[in-house]
K.L.:
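One structure, as structure tokens, below. Some questions next.
All of these numbers come straight from a predicted model, not from anything done at the bench. In what follows, every chain begins at residue 1, and chains take the letters A, B, ... in the order their sequences are listed. Reckoned from all heavy atoms, side chains included, excluding hydrogens, waters and symmetry mates.
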Amino acid sequence: MNLKHNNQERAAIFADPGVWLEGNALQQFERVANHEHCLRAAGMPDLHAGRGIPIGAVFAMEDAVHPLLIGSDIGCGVRVVPTTIRAGGIDKLERRVRAVLDDDLLAGLHVEAMKAAWAFGAQGLAAVEGLPDALRMLAAEEPPCARPLESSTKHLGMAKALGSAGGGNHFVEISKVSAIHDHDRAEALGLSAQSLVVVAHSGSRGLGYETQRSWSAEPLRGQQALKYLGQVTGACNFARTNRFLLSYRMLLAMRAARTSKVCGSLDLVHNDVTEAVVDGQEVWLHRKGAAPARDGQPTVVLGTRGSATWVMEGRGNAAALWSVAHGAGRRMGRSEALGKLRMKYKKKNLARSASGGRVICNKTDLLYEEHPDAYKDIEQIIHSLESFNMARPVAALEPLITVKQ
DNA sequence: ATGTCC
């Protein structure tokens, strides 16, 4: 690769030789890495092309914050909620999931919930009177969030997006712990063999989209940067709350929406900007589809609806900018997947994945675009993360019921 | 990705 090197480690892609990387994605990565203020760049093994900016990468930028590197889905991430419920009959579970999808989770308190979400994250829902008691009790267990500088009034129109996954690769699912690789770590996280787990992948919906739209493509410094970062904080709080609510809905279906049945939770943001020190220098760490992987801290790498999601333990690899892949990474673009997979699979066969999981999705195109075949092999991604000492496996979560709506 | 193009 033709990268300007200050030293050999300045920009690198952390993927095993066997991991396929699309030429366009490599070009996009190279272009950002060669930016004059990019101190370091790390490409994850799930690197794939985005709209100008590659997805599955981390960029350490000196001097300024670059909203363009974050894009519209500010605060996008993954939540994992382990439970004490043992995997059982899937038919009954699917019926219950379908039943709860019609409920109004927020009981008509969308605006109040959104204000609380923006300012305090999921914990804020505990203080919203009128919400269901079970929801408020679970919310009270949530960790506190950073406080944004501004209020949320500008984005109140986005309130109704709270509690639904959105489009694209977003989903909420019920999985089971199908394999445990590190018993001590798994136990510490509340993950026991064959127990049910909720996995939610979603972001800040239209709120992040509007935030991004309100800024130009220019890098931000000083007061401008602070203002943007405050909005990122609010969008991240909103996105975390959204994942909390998506998870809560699945917990309701599992009859597990109470603190005694929930074994903690993980919530990892893979699309944001944070402060860090790289090579002794303060930088803005832009994560674009890359999950944090600090030493000894848990992280999550998403599979597909037909392959396992992995809970891992970060190794704090500084060369990889303390990050891991956020998922399997696309092998095919959306239109490519639509074209190729429509030939290969009949629509009626898409309601179940090859591994037997159920899929609840009323958009036919999305079923093809997000088909497991459109993604790289998750095992290769996990192996890459191990071989580069970025993270090590803790437990595999096999999807049982995937909801995309 | 997007209260997403009608």
K.L.:
Nearest whole Å is fine: how far is dT2(B) P from Leu207(A) CG?
P.N.:
11 Å
K.L.:
Starting from the C-alpha separation in whole Å, work towards a yes-or-no answer on side chain to side chain contact (heavy atoms under 4.5 Å, CB included) for Val394(A) and Ile180(A).
P.N.:
CA-CA 6 Å; Val394(A) 172; Ile180(A) 291 183; 5.9 Å; no
K.L.:
Specify the separation, in whole Å, of atom CE of Met114(A) and atom C1' of dG3(B).
P.N.:
13 Å
K.L.:
Indicate, with a heavy-atom threshold strictly under 4.0 Å, whether Lys363(A) touches base, sugar-phosphate, or nothing.
P.N.:
base
K.L.:
May I ask you to say what Gly168(A) touches in the nucleic acid, namely base, sugar-phosphate or nothing, with a heavy-atom cut-off under 4.0 Å?
P.N.:
sugar-phosphate
K.L.:
Write down the distance between CZ (Phe238(A)) and P (dT2(B)), rounded to a whole number of angstrom.
P.N.:
10 Å
K.L.:
Send over the distance from Asp73(A) CG to dT2(B) P, rounded to a whole Å.
P.N.:
5 Å
K.L.:
The side chain of His170(A) lies closest to which of these nucleotides: dG3(B), dT2(B), dT4(B)?
P.N.:
dT2(B)
K.L.:
Round to the nearest Å and state the distance from Tyr209(A) atom OH to dT4(B) atom P.
P.N.:
9 Å
K.L.:
Under 4.0 angstrom, heavy atoms only, what part of the nucleic acid is Gly166(A) near: base, sugar-phosphate, or nothing?
P.N.:
sugar-phosphate
K.L.:
Which atoms form the tightest heavy-atom contact between Glu218(A) and Pro67(A), and what is the distance?
P.N.:
O-CD, 3.8 Å
K.L.:
Could you state the CD-C1' distance from Glu369(A) to dT4(B), rounded to the nearest angstrom?
P.N.:
12 Å
K.L.:
Find the distance Lys160(A):NZ to dG3(B):C1' and express it as a whole number of Å.
P.N.:
4 Å
K.L.:
Is the Lys NZ or Arg CZ of Arg305(A) less than 6.0 Å from the centre of Phe171(A)'s six-membered ring, within 45° of the axis?
P.N.:
no
K.L.:
Is there a side-chain contact between Val32(A) and His66(A), using heavy atoms and a 4.5 Å cut-off?
P.N.:
no
K.L.:
Could you check whether Arg51(A) gets within reach of a base, just the sugar-phosphate, or nothing at all, counting any heavy atom under 4.0 Å?
P.N.:
base
